[in-house]
Number of protein chains: 2
Amino acid sequence: MDTDDRTRRHNAAMEKQKTRVDAGIEAADTERGVLVLLTGNGKGKSSSAFGMVMRALGYGHRVGVIQFIKGVQLSGEELYLQQHCPHVDFHQMGTGFTWDTQDRSGDIAAAQATWALAEPMLADPAYDLVVLDELTYMLGYNYLDTTQVLEAIANRPPEQSVVVTGRGGGRELRELADTVSEVKDVRHAFASGIKARRGVDY
Amino acid sequence: MDTDDRTRRHNAAMEKQKTRVDAGIEAADTERGVLVLLTGNGKGKSSSAFGMVMRALGYGHRVGVIQFIKGVQLSGEELYLQQHCPHVDFHQMGTGFTWDTQDRSGDIAAAQATWALAEPMLADPAYDLVVLDELTYMLGYNYLDTTQVLEAIANRPPEQSVVVTGRGGGRELRELADTVSEVKDVRHAFASGIKARRGVDY
């Protein structure tokens, strides 16, 4: 195949792709907030949620972030939001990962106290984006009532978008979500003996 | 199973998980920058990279961001970085998606001009994190020379981390990466006729 052929084939392929993309844009005519579920066992779920926070802040949107089961150590995104984004409503459960606490009843109380901060955000049209980071574990361990959580998400203001992260999460959450991405762990540096790294892993 | 039984089983499971997690942390003793590849067809790859930017900025790290094949329209994360993070070195190819340009030779020139901005970052130990957003397409279309790109990444300063996003990317990039996450599109709001949304999709 000579260069001209290659260029012609490339242009034909691009033209076809453009037609398909344009048709998709034409067909999508509903405007409302969405529920995005970022699940799976790979790296990148919480960081993706924080990337969406940055995206929303770029438009001056109002953002709420609730983190369930975060460790005691502050992460980079938490430091950043606390130092540079005082207008982002940011709350952490802050009891450490559950496999450090060894205390089911204490975890349940902490989860419910944290949910009590999330629920009013999901009822407040002033929030454009609400991030419920690692919420799925609260549902999986039955620390929170799934029906109550899903109803609050489903009944949120129509313009509000919600991002939920964490492995699992259950069939009902998955069905409620408009967008579901499953982040698959193909390889992790950790498995090759590389230490978790500031600014990359936390 | 009564409540006490449940609590005992839960605590035993958590204890086992804690042992496993602690053993993993113990074994990981190499400290160096990592190459993270975020690939697959699902939503969340670029936003995950920008979440890592936020994470790195939380520690005051120096960050460079190079975006390949971004559209003409500014996205939220671009607006945010331009307005609030003048210390982040941020460059865009800015020729529009290739299926809009219909111009292979123009695209190649643009890709190479953009790569000329990325390459010095990959040689500069002052950068803690370099994001090469949507680089994979440049390799897949042969707009850039894969060997040249992979050598630049492989020979970067040992403390520097690099994040590459985009579908595909090829076997060699995948093998070079320390961490590979594949973001699988389980469902996308777009397919249900919901318009792409500011602060969520761009």
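Only a predicted model underlies this, so the values are computations on that prediction, with no experimental measurement involved.
For B:Asn41, no part lies near chain A; criterion is any non-hydrogen pair under 4.5 Å. Both the backbone and the side chain of B:Arg32 have a heavy atom closer than 4.5 Å to some heavy atom of chain A. Neither the backbone nor the side chain of B:Val63 comes within less than 4.5 Å of any heavy atom in chain A. Within the 4.5 angstrom heavy-atom criterion, only side-chain atoms of B:Gln83, from C-beta onward, approach chain A. Using a 4.5 Å cut-off between heavy atoms, A:Asp128 does not touch chain B at all. For A:Leu35, no part sits under 4.5 Å from any heavy atom of chain B, backbone or side chain. Heavy atoms of A:Leu38 lying under 4.5 Å from chain B belong exclusively to its side chain.
By number of non-hydrogen pairs under 4.5 angstrom with chain A, the leading residue of B:Lys45, B:His61, B:Arg198 is B:Arg198. Annotation: maximal heavy-atom pairing with chain A below 4.5 Å, among B:Ser47, B:Ser105, B:Ala189, B:Ser192, occurs at B:Ser47. Chain B forms the most heavy-atom pairs under 4.5 Å with one residue out of A:Gly40, A:Ser181, A:Ala177, and that residue is A:Ser181. Chain B forms the most heavy-atom pairs under 4.5 Å with one residue out of A:Asp185, A:Val186, A:Val183, A:Val180, and that residue is A:Val180. When B:Gly76, B:Gly33, B:Ser161, B:Gly51 are compared by the number of non-hydrogen pairs under 4.5 Å with chain A, B:Gly76 comes out ahead. For the options B:Leu79, B:Asp178, B:Val163, heavy-atom pairs under 4.5 Å to chain A are most numerous at B:Asp178.
A donor-acceptor pair under 3.5 Å is formed between the side chain of B:Ser48 and the backbone N or O of A:Gly44.
Considering only heavy atoms from C-beta on, B:Glu159 comes within 4.5 Å of A:Arg197 through its side chain. Put simply, the side chain of A:Glu77 reaches to within 4.5 Å of the side chain of B:Arg55, judged on heavy atoms. At least one side-chain heavy atom of B:Met52 sits under 4.5 Å from a side-chain heavy atom of A:Val200. With a 4.5 Å cut-off on side-chain heavy atoms, A:Lys43 and B:Val36 count as touching. For the pair B:Leu57 and A:His84, the minimum side-chain heavy-atom distance is 4.5 Å or more. Side chains of A:Met54 and B:Val53 form a contact here, defined as non-hydrogen atoms less than 4.5 Å apart.
Closest heavy-atom contact between A:Tyr59 and B:Gly199: CE1-N, 3.4 Å. The two residues B:Cys85 and A:Tyr80 have their closest heavy-atom pair at SG-OH, 3.5 Å.
The residues A:Arg187 and B:Glu175 are annotated as not salt-bridged, no charged nitrogen and carboxylate oxygen being separated by less than 4.0 angstrom.
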